[in-house]
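Notes to accompany the following structure.
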Amino acid sequence: MSENRSTDAPLTVPLHRLAHGRTGDKGDRSNISVIAWDSAFWPLIQAQVTPEAVARQFAHRRPGAITCHALPRLQALNVVIDAVLDGGVNDALNLDSHGKALSYLLLDLPVQVPLALADRLRPAD
């Protein structure tokens, strides 16, 4: 029996279907928490929301150092992004390059989800 790749292939969905986020800032640093909606998603989030993936998602903002701190008991990550706020809230000339805008950008990150977990995803917009 041959393997049917089309039905075995994982789904690619935005991170917000697996998690929600909270954001804070201090100076030119943004802290974005990524919190799993379901415990089944925690391993996927840990494996795919990496500093490299975050750097690609934020490339147009030219971020500095990026670190991801795992909080397993909360099934959450604290993603810390340096030099991403145009010098900080008080120095920035734009309306809102911090806060929710950056969490929404991270929550738009494409992630792979096995078909077996598809029924646990939050609905698409």
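Along the sequence shown, residues carry numbers from 1.
Smallest separation of non-hydrogen atoms from Ile66 and Pro63: CD1-CG, 4.0 Å. The nearest pair of heavy atoms linking Gly21 to Leu107 is N-CD1, 3.7 Å. Heavy-atom minimum distance, Gly64 versus Ala83: N-CB, 3.8 Å.
Counting only heavy atoms from C-beta outward, the side chains of Ser33 and Leu74 never approach each other to under 4.5 Å. At a threshold of 4.5 Å between non-hydrogen side-chain atoms, the residues Arg22 and Ile32 do not count as touching. Looking only at side-chain heavy atoms (C-beta outward), Leu106 and Val34 come within less than 4.5 Å of each other. Residues Arg17 and Pro123 fail the side-chain proximity criterion, which asks for heavy atoms closer than 4.5 Å. In this structure, the side chains of Val84 and Arg29 stay at 4.5 Å or more apart for every pair of heavy atoms. The side-chain heavy atoms of Leu105 and Gln57, taken from C-beta on, include a pair separated by under 4.5 Å. Residues Val13 and Val111 have side chains in contact (heavy-atom distance under 4.5 Å, counting atoms from C-beta outward). A heavy-atom distance below 4.5 Å is not found between the side chains of Pro51 and Val54.
With hydrogens and angles ignored, the 3.5 Å screen pairs no side-chain donor or acceptor of Trp42 with any backbone N or O of Trp37. Listed for the Gln48 side chain is a donor-acceptor partner under 3.5 Å among the backbone atoms of Gln112. In this structure, Asp28 contributes its side chain and Leu85 its backbone to a donor-acceptor pair below 3.5 Å. Under a 3.5 Å cut-off, the side chain of Gln46 and the backbone N or O of Ala70 do not form any donor-acceptor pair.
Annotation: the span from Leu117 atom CG to Leu11 atom CG amounts to 9.5 Å, rounded to 0.5 Å. The line from CZ of Arg56 to CG of Leu109 is 8.0 Å long, rounded to the nearest 0.5 Å. Between Phe41 atom CZ and Leu15 atom CG the span is 10.5 Å, to the nearest 0.5 Å. Remark: Ile35 CD1 to Leu77 CG distance equals 10.0 Å, nearest 0.5 Å. Considering OG of Ser103 and CG of Asp108, their distance stands at 11.0 Å, rounded to 0.5 Å. Between the CG atom of Leu102 and the CG atom of Asn31 there is a distance of 11.0 Å, given to the nearest 0.5 Å.
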Hey, mind stepping through Leu44 and Leu18 against side chain to side chain contact (heavy atoms under 4.5 Å, CB included) and telling me if it holds?
CA-CA 9 Å; Leu44 301 174; Leu18 285 72; 4.2 Å; yes
In sequence, state the C-alpha distance, the side-chain angles, and the governing distance for Leu121 and Val113, and then conclude on side chain to side chain contact (heavy atoms under 4.5 Å, CB included).
CA-CA 9 Å; Leu121 291 169; Val113 178; 4.2 Å; yes
